[in-house]
There are 2 protein chains.
Amino acid sequence: MNSQALSPPVKRIADSTVRRLSIYLRFLEEFEGRGLSTVSSEELARRGGTTSAQVRKDLSFFGSFGKRGLGYSVPELSTSLREILGLGRGWRVVIIGAGKIGAALAQYRGFRQRGFQIVAAYDSNAEKIGGTLEGIEIRDMHRFEADVEKDHPEIAVLAVPMEHAQAVLDRVARAGIKAVLNFAPVQLHAPADMTVKTVNMAMELEGLTFALTNQGV
Amino acid sequence: MNSQALSPPVKRIADSTVRRLSIYLRFLEEFEGRGLSTVSSEELARRGGTTSAQVRKDLSFFGSFGKRGLGYSVPELSTSLREILGLGRGWRVVIIGAGKIGAALAQYRGFRQRGFQIVAAYDSNAEKIGGTLEGIEIRDMHRFEADVEKDHPEIAVLAVPMEHAQAVLDRVARAGIKAVLNFAPVQLHAPADMTVKTVNMAMELEGLTFALTNQGV
DNA sequence: GAGTGCTTGTGAATTCATTCACAAAGTAGC
DNA sequence: GCTACTTTGTGAATGAATTCACAAGCACTC
Ligand SMILES: NC(=O)c1ccc[n+]([C@@H]2O[C@H](COP(=O)([O-])OP(=O)(O)OC[C@H]3O[C@@H](n4cnc5c(N)ncnc54)[C@H](O)[C@@H]3O)[C@@H](O)[C@H]2O)c1
Ligand SMILES: NC(=O)c1ccc[n+]([C@@H]2O[C@H](COP(=O)([O-])OP(=O)(O)OC[C@H]3O[C@@H](n4cnc5c(N)ncnc54)[C@H](O)[C@@H]3O)[C@@H](O)[C@H]2O)c1
């Protein structure tokens, strides 16, 4: 098989696989920084807390990237993973809800580093509109639909109070944005052609307290 | 079977099950607020984006909570789920890293509401030490081990730069804390008796860009 | 108190994900 | 060019999670 041409993913790829690809990419970038030229599936697995067979299987869904007896070329695999994950290009992001979480995200360097450009923030509170969030303009939520037509953001970050999250999601969907990162601790219902990922800290915390009460000493 | 006595979980409970229990609890609390007295597995499933069989299976790991022909008593099931998830009591939490994310978390009402009490924040930056984060004292990281001996926090939230995350985790582990919520975008290696949950926003975003590039139009 | 309708609880069947295990393909040394 | 050694890529085997499907239980009516 050819390591250049990315096979189009033939069957649906599991979420767990995609998350692991992200993890591998992070290590590869670290290795790249240290000037290492090759890495084995064994080494990637050790760092990522999985098995070498898992690493090879994950990659095999997209093609053949390694050299038997040698491992994977660090720069080549990095490039391939970035391409697979859609990081080979820039993405325009809007933040909706210029509160505490919105502010933390606006200044987060990790986003810009990976090609996510925050084009605007939106809020419905008159006191916030017109101000800036770490240099990003806070716009009136009334302008949202009109702005989307102009700016064509691909991703919306939802950082509004949970009571408003579903209503805002509906607006985002109608405006034609197909990807949402949601911070409100609610299950959102979205059209089938939209992808919504929810970061639910309360849920993670409850995972911890469950472990503490059930597996704990 | 008896709906009062919680069966101790006989076999290891899947993470996915615990996350869904959190979701169900959230709806139950909403129903409780609206004064509804019973709910069916079908209704819970519809709201939570799963199937009724899944809801019943999830609950069955812990006992028998429903009445055939009728459904589940909202207040009883809420109480049981809170107990299962370890929310029947308070938890002491420390935040390590009084930066942007630490500040957003410190003021987050969702924590207190669920019985998580933030007892202190820690930082290594002399300019921050002695100040407060939303009313919570920012202490010198040097005091950390001594304070843990006194305060016995059960949960640590890690909000330090990624370069320091593993070193701080090691300190947390040595101090005897067994549960960590990590916000640094790195895979952490922890002792087996410790539970670490990582909230990795970059990874979620990459899940979105993967979907946009591969499932997209 | 028998009949009807609804909903749970749970084995069995199925689907999905991970791990095993090994042939194939490469490197390196001589 | 042959041998020894390493590591990939992938079918087959195993294991885990979800869905199916239905007997059993309860409420309500007549
Ligand atoms: N702060 C945290 O650490 C934290 C943690 C986890 C989850 N969350 C969730 O993130 C969300 C935001 O939290 P926060 O702490 O930043 O709250 P916040 O109150 O600081 O910010 C919310 C912002 O949204 C704006 N807003 C309200 N309704 C709006 C609408 N319809 N359209 C546009 N903007 C609107 C408000 O004016 C406000 O500026 C909440 O759902 C919260 O549960 C926060
Ligand atoms: N800001 C975001 O929206 C965001 C999003 C996702 C992930 N993160 C991650 O969260 C972490 C914190 O991000 P932030 O934006 O709050 O950064 P920040 O720079 O605002 O805060 C980090 C804080 O940690 C302190 N610190 C550094 N080393 C320490 C140590 N050894 N012990 C104790 N304290 C120490 C610093 O003094 C600083 O106050 C980072 O790992 C970041 O990648 C942040």
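Naming: A, B, ... by sequence-line order, numbering from 1 per chain. Both backbone and side-chain heavy atoms feed into the values below; hydrogens, waters and symmetry mates do not.
- The CD atom of Glu42(A) sits 14 Å away from the C1' atom of dC20(C) (whole-angstrom rounding).
- Glu204(A) and Asn200(A) share no side-chain donor-acceptor pair at under 3.5 Å.
- Distances shown here put every side-chain N or O of Arg12(A) at or beyond 4.0 Å from the OP1 or OP2 atom of dC16(C).
- Protein atom CG of Leu21(B) is 14 Å distant from nucleotide atom P of dA17(D), rounded to whole Å.
- Under 4.0 Å is where a charged nitrogen must lie from a carboxylate oxygen, and between Glu154(A) and Lys178(A) no such pair does.
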| message | If you apply the rule side chain to side chain contact (heavy atoms under 4.5 Å, CB included), what do you find for Ile155(A) with Phe116(A), and how did you get there? | response | CA-CA 9 Å; Ile155(A) 299 173; Phe116(A) 296 101; 3.9 Å; yes
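- Rounding to whole angstrom units, CZ of residue Phe61(B) and C1' of dT18(D) are separated by 10 Å.
- At the phosphate of dT7(D), neither OP1 nor OP2 sits under 4.0 Å from any side-chain N or O atom of Ser40(A).
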| message | Checking Arg47(B) against Glu30(B) for the salt bridge (Lys or Arg N to Asp or Glu O under 4.0 Å) test, could you report, in this order, the C-alpha distance in whole Å, the side-chain angles of both residues, the deciding distance, and whether it holds? | response | CA-CA 11 Å; Arg47(B) 299 297 219 86; Glu30(B) 188 194 324; 3.4 Å; yes
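- Remark: P of dT8(D) and OH of Tyr24(A) are 12 Å apart, rounded to the nearest angstrom.
- Atom CD in Gln54(A) sits about 14 Å away from atom C1' in dT14(D), given to the nearest Å.
- A salt bridge links Lys100(A) with Glu134(B): the closest approach of a Lys/Arg side-chain nitrogen to an acidic carboxylate oxygen falls below 4.0 angstrom.
- Of the possible donor and acceptor atoms, one in the side chain of Arg92(B) sits under 3.5 Å from a partner among the backbone N and O of His152(B).
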| request: Using a 4.0 Å heavy-atom cut-off, write out nucleotides 25-30 of chain C from 5' to 3' as B (base contacted by protein), S (sugar-phosphate only) or - (no contact). | output: BS----
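- Proximity of Ser60(A) to the phosphate of dG9(D): no side-chain N or O atom is located under 4.0 Å from OP1 or OP2.
- If you take CG of Asp58(B) and P of dA16(D), they are 17 Å apart, rounded to a whole angstrom.
- Per the geometry, CZ belonging to Arg20(A) stands 16 Å off P belonging to dC16(C), to the nearest Å.
- Note on Ser41(B): only backbone sugar-phosphate atoms sit closer than 4.0 angstrom, heavy atoms only; bases stay farther off.
- Closest-nucleotide positions on DNA chain C for Val39(B) and Ala14(A) were compared, and the one nearer the 5' end corresponds to Val39(B).
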| task | For the pair Ser52(B) and Arg56(B), evaluate side-chain hydrogen bond (donor to acceptor under 3.5 Å, both in side chains) and give the outcome as yes or no after the intermediate values. | result | CA-CA 6 Å; Ser52(B) 64; Arg56(B) 296 198 299 277; 3.3 Å; yes
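- Contact annotation: Tyr72(B) side-chain N/O to dC26(D) OP1/OP2 distance is not under 4.0 Å.
- Here Thr51(B) reaches the OP1 or OP2 of dT19(D): one of its side-chain N or O atoms lies under 4.0 Å away.
- In this structure, the CD atom of Glu43(B) is 16 Å from the P atom of dC6(C), given to the nearest Å.
- The side chain of Arg56(A) contributes no N or O atom lying less than 4.0 Å from OP1 or OP2 of dG9(D).
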